[in-house]
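Here's the structure, in structure tokens; my notes come after.
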Amino acid sequence: MRNHVKDMWNAGLYDGNHSFVSTFGNHLLELLSPVEGEQILDVGCGTGDLANKIYQHGANVIGVDKSENMVHQANNKYPEITFMTKDVLELEYKNDFDAVFSNTTLHWIKQPKEALQHIYNSLKPGGRFVAEFGGKDNVQIITNEIIDQVKKAGIPYTSEQFPWYFPSIGEYAILMEETGFNVTFAQYFDRPTPLEGDKGLRNWMEMFCGNIFENQAEDVKEQVRTDVENNLREVLYQKGQWIADYKRIRVVGVKKD
Ligand code: BEZ
């Protein structure tokens with residue numbers, strides 16, 4: 001079935017303009033602290049940069065990503081690591097991993113309980129889940145403006161088209177506990193994020209907002225993007241740089257023995 005779903009990810013654009021994703025991921029790696037010989041699953045591995053860093057620590061890492069384009073690029077860059085095209089909801093591992101790691105992915109999964117269950121099942125008893133993704137009100141200034149402009153352009157929009165799940169830390173910690181994790185770390189923080197170049201905000205919208213603009217003509221999308229840029233310049237463009245209003249949650253959960 002996967003082949004019938006359009007792969008919205010452009011791996012080249014991602015590596016070129018969104019390299020901050022794996023750069024910021026270094027902090028999460030410190031939280032993971034991979035140990036030589038551990039089995040580690042990277043959920044939403046993208047083009048493989050963080051999986052490679054885990055591998056450099058001597059761990060055995062498997063990277064999975066829903067996007068074939070991303071996995072293709074990851075395989076080209078790091079042929080010594082195993083990467084597979086797989087959605088988190090398709091994981092069928094049972095007690096196989098010492099750790100599951102996930103950076104900047106889980107906000108794309110609108111069935112968080114199911115995702116957590118698959119992650120939990122993948123872990124060995126005592127194994128750890130270390131993740132970071134968009135939290136409550138993430139990119140709200142940007143998305144409110146996009147939705148306003150979409151509506152003004154007469155494009156039909158319903159909240160189901162909002163592509164992301166951005167939970168509060170309380171909501172997500174409860175889901176983790178209901179799944180069976182001991183939540184040992186939970187953090188919510190602002191992480192203003194530079195978007196590379198003068199076209200940073202436009203590139204970001206092109207890369208990530210496909211669902212919101214679904215089935216619209218290119219000139220209509222262009223107009224919306226231009227209006228969003230014009231309206232947000234005063235708030236989000238500082239010293240020649242677009243800064244996105246990212247808010248993250250970071251969690252660690254341990255599977256009970
Ligand atoms: C994020 O990393 O928070 C994010 C990335 C793309 C779209 C929305 C949020």
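Just so you know, these numbers come straight off a predicted model, no measurement behind them. Whatever order the structure lists ligands and atoms in, that order sets their numbers, starting from 1. Reckoned from all heavy atoms, side chains included, excluding hydrogens, waters and symmetry mates.
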### Message
Quick one, Glu38 with Lys124, criterion salt bridge (charged side-chain N to carboxylate O under 4.0 Å, His left out). Give me CA distance, side-chain angles, the key distance, then yes/no.
### Response
CA-CA 11 Å; Glu38 282 190 317; Lys124 297 175 185 172; over 6 Å; no
### Query
Would you call Asp87-Lys66 a salt bridge at under 4.0 Å N-O?
yes
### Message
I need the contact type for Met207 against ligand 1. Using non-hydrogen atoms and a strict under-4.0 Å cut-off, is it side chain, backbone, both or neither?
### Response
neither
### Query
What atoms in ligand 1 come closer than 4.0 Å to a heavy atom of Thr104?
2 (O)
#### Entry: Sub-4.0 Å heavy-atom contact, Phe133 with ligand 1
no
### Task
Take Glu222 and Arg202, measure what salt bridge (charged side-chain N to carboxylate O under 4.0 Å, His left out) needs, and give me the verdict at the end.
CA-CA 9 Å; Glu222 266 305 291; Arg202 180 169 290 262; 2.7 Å; yes
### Query
Counting each atom of ligand 1 from 1 as listed, which ones have a heavy atom of Trp204 under 4.0 Å away?
6 (C), 7 (C), 8 (C)
#### Entry: Whether Arg248 lies under 4.0 Å from ligand 1, heavy atom
yes
### Message
I want to check a possible cation-pi pair here: Lys110 against Tyr165, using under 6.0 Å from ring centre and within 45° of the ring axis as the test.
### Response
no
### Query
Relative to the heavy atoms of Trp164, which atoms of ligand 1 are at a distance of less than 4.0 Å?
7 (C), 8 (C)
### Task
Please work out whether any backbone atom (N, CA, C, O) or any side-chain heavy atom from C-beta onward of Tyr246 is under 4.0 Å from ligand 1, and answer side chain, backbone, both or neither.
side chain
### Proximal atoms of ligand 1 relative to Asn138 (non-hydrogen, under 4.0 Å)
1 (C), 3 (O), 9 (C)
### Task
Could you tell me whether Asp49 and Lys77 have a side-chain N and a carboxylate O separated by less than 4.0 Å?
yes
### Task
Decide whether a cation-pi geometry holds between Arg191 and Phe24; the criteria are a distance under 6.0 Å from NZ or CZ to the six-membered ring centre and an angle within 45° of the ring axis.
yes
